[in-house]
Amino acid sequence: MRLVTVLAALSGAVAVIAGAFGAHGASGEAAEWLRTGGHYQLVHAVAALVAVRMQARVPAWLFVVGGALFAGTLYAMALGGPRWLGAVTPLGGLGLIVGWLWLGWVASRQSRLN
């Protein structure tokens, strides 16, 4: 779980950088993509750390990987990448949704055991 913790911390840092660039260095659609990606990535970096604390390995990885895929495609488009990346973005979102559902399942199982 150490690797996912390190990746979640790096994800949080990247999210802050992207959000700051979106607020101060970009404009228009690119700024919005950077802000949206930064917001989702930061929230899910924290969620990954919570999942690590709960010993929920799969949700932690889903939050890190899903967040990177979701935000990464938005960042790439904001920096001039091809627009077809927008079709990939929902796959990251799906990973985030599954991560939340799985985390809820883990939490329900843990409360029954305690």
_Test of understanding: clusters of I, L, V, M, F, W, Y form through side-chain heavy atoms closer than 4.5 Å, transitively. Do Met77 and Leu91 belong to the same one?_
yes

_Backbone of Gly38 reached by a side-chain donor or acceptor of Tyr75 within 3.5 Å_ = yes

*Evaluate the ring planes of Trp100 and Phe63, with Trp represented by its six-membered ring, and classify them as parallel (under 30°), tilted (30 to 60°) or perpendicular (over 60°).*
tilted

*Are Phe21 and Phe70 connected in the hydrophobic side-chain network, where two residues link if heavy atoms are under 4.5 Å apart?*
no

*Do Leu94 and Trp102 belong to the same hydrophobic cluster, where Ile, Leu, Val, Met, Phe, Trp and Tyr are linked whenever their side-chain heavy atoms lie under 4.5 Å apart, directly or via other members?*
yes

*asked:* Taking Gly19's backbone N and O only, do any of them form a donor-acceptor pair with Arg35's side chain (distance below 3.5 Å, no angle check)?
replied: no

*Step by step, work out the side-chain contact (heavy atoms from CB on, under 4.5 Å) result for Trp33 and Leu79.*
CA-CA 10 Å; Trp33 287 333; Leu79 297 173; over 6 Å; no

*asked:* Could you check whether any side-chain N or O of His44 sits under 3.5 Å from a backbone N or O of Tyr40, counting only pairs where one atom can act as donor and the other as acceptor?
replied: yes

*Identify the two heavy atoms, one from Ala45 and one from Gly12, that lie closest to each other, and give their separation to 0.1 Å.*
CB-N, 3.7 Å

*For Pro59 and Leu103, work out which heavy atoms get closest and say how close.*
CG-N, 3.7 Å

*asked:* Surrounding CH2 of Trp61 (heavy atoms of other residues, nucleotides or ligands, distance under 6.0 Å), is the total greater than 12?
replied: yes

_Val58 reachable from Val98 in the ILVMFWY side-chain graph, under 4.5 Å edges_ = yes

*State, to 0.1 Å, how close Leu42 and Ala15 come at their nearest heavy-atom pair, and which atoms those are.*
N-CB, 3.5 Å

*Gly92 to Leu69 - nearest heavy-atom pair and separation*: N-CD2, 3.5 Å

*asked:* Nearest 0.5 angstrom please: Met54 CE to Met1 CE, how far?
replied: 10.5 Å

_Heavy-atom closest pair, residues Val106 and Ala56_ = CG1-CB, 3.9 Å

*Tell me whether Leu49 is reachable from Val6 by hopping between hydrophobic residues (I, L, V, M, F, W, Y) whose side-chain heavy atoms are closer than 4.5 Å.*
no

*Atom CD of Gln41 and atom CG of Leu96: how far apart are they, to the nearest 0.5 Å?*
10.0 Å

_Between Leu34 and Leu74, is the side-chain contact (heavy atoms from CB on, under 4.5 Å) condition met? List the steps._
CA-CA 7 Å; Leu34 289 164; Leu74 293 176; over 6 Å; no

*Heavy-atom closest contact (Thr73 atom, Leu85 atom, distance)*: CB-O, 3.7 Å

